[in-house]
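A quick write-up on the structure given underneath.
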Amino acid sequence: MKPDPRAASEYVYRAYNLTIHCDVELPELLPGHGAADVVIRQGLTPPHLPGMADDPRYFQAIEGQLLLKIPDVARFWVRNGEEIVIEPAAGSLPGDIRAFLLGSCLGALLHQRGALALHASAIRTEAGAVLFAGHSGSGKSTLLTAFLQRGYPMLADDVCAIVAGETGRLIVLPAIPRSKLWADAAAGLGIDTTGLTPVYSRENKFDRPTPDQFVRESLPLARIYLLAPHDGDTLAIEPLDGLARFTALVAFTFREPFLDGLKRREAHLRLAAAAAEQAGFFIIRAPRSRFTAYEIADALEAAIREVL
Amino acid sequence: MTRGNGITLDSVVSSRPDLVAAPMDDKLVMLDLAQGKYFGLDDIATAIWAALAAPVRVADLCAGLVERYDVAPETCRADTLAFLNQLRDEGLLEVHA
């Protein structure tokens with residue numbers, strides 16, 4: 001008899017509009033209730049996926065399945081957008097396992113469920129959801145925190161999911177109520193990191209819970225700002241047109257290399273094209289040499305007020 | 001008539017049917033899964049691409065474009081041939097004759 005994975009569930013959470021049942025505690029997530037959309041459990045993972053050989057790559061993917069192999073942390077098996085099996089490595093830290101579980105694994109699960117997962121943070125404005133997309137270290141969490149300080153609630157930090165709503169209009173899903181901050185960014189924002197939990201034990205990056213400033217329902221996609229740090233001295237915010245928008249969305253897709261194995265390129269193309277069409281699109285060229293989060297926030301607040 | 005490599009007004013061509021495409025405003029983004037490459041077509045290229053769904057002789061394609069758009073026949077033929085040769089070089093075109 002097959003064991004029922006649901007029998008092992010002890011904790012129930014809500015993230016990305018999904019009810020998640022899990023047999024380990026995930027303190028970063030909001031509590032949820034009801035039947036499971038997704039089950040996360042500890043168990044055994046296969047040595048490799050069907051039709052593939054054991055290889056040194058950090059992941060393997062086929063349609064509906066992704067195997068993520070992080071030495072000294074865990075192996076993760078993400079299946080059909082419905083289940084994540086975790087096989088922890090001996091002596092690994094729960095916080096490190098959660099960093100990969102809530103990042104790469106939920107990202108793969110979102111791909112499997114047909115969402116457009118972007119490397120972006122998101123806030124709620126009067127115009128709708130506004131996204132800040134950028135690579136690690138480009139300042140998206142810092143900018144998000146600057147907006148949190150001004151009273152804007154957030155939908156996502158780091159991994160932002162976009163899906164098609166009932167009318168074809170794209171919506172942004174509420175993700176995880178936290179903002180991840182590098183120690184230097186926290187200092188620039190006047191935030192003391194002594195009481196915060198490091199996101200990953202080897203990094204000087206901190207997890208700042210934000211449950212009181214978190215949007216719990218999905219919002220229409222309004223704008224996407226791309227963060228492009230540069231070595232010059234001037235801050236410039238310019239509209240992005242045409243095919244450059246699509247190219248940027250591909251570049252800022254979270255764990256984009258997962259798409260081929262998962263056979264999600266086609267669905268991704270359609271959603272990315274729709275997002276390029278529907279969202280207002282801008283590029284923020286910010287100098288690396290100084291702390292610019294407040295300057296950028298001033299400019300964006302004014303720009304968003306203008307379109308209303 | 002130059003045969004072999006180049007596409008001429010006498011060539012019969014069509015778009016590769018297995019490409020994945022999605023409209024974006026008046027433009028088109030396409031994905032060639034076999035090559036793992038994305039392509040973007042601007043508004044005019046998108047209009048030409050739409051006419052390539054079934055095999056068509058290039059001269060007839062150009063005549064149709066001249067009828068629909070405000071463009072001199074000479075310019076249209078030159079631009080269309082350049083674009084079709086580019087498509088062929090990227091492996092996106094089927095050349096039937």
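Labels below follow one simple rule: chain letters A, B, ... track the order of the sequence lines, proteins then strands, and each chain is numbered from 1. Note that the coordinates shown come from a computational prediction; the quantities given were computed from them, not determined experimentally.
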Under 6.0 Å from the CG atom of B/L9, do we count more than 12 heavy atoms belonging to anything else shown? yes
Between chain B and chain A, are any donor-acceptor pairs under 3.5 Å, and how far apart is each one to 0.1 Å?
residue, atom, partner, partner atom, Å
B/A21, O, A/R270, NH1, 3.1
B/D25, N, A/E277, OE2, 2.5
B/Y38, OH, A/R265, NH1, 2.9

Who in residues 70-77 of chain B is close to chain A, using a strict under-4.5 Å heavy-atom cut-off? none
Which heavy atom of B/V29 sits nearest a heavy atom of A/A273, and at what distance? CG2-CB, 3.8 Å
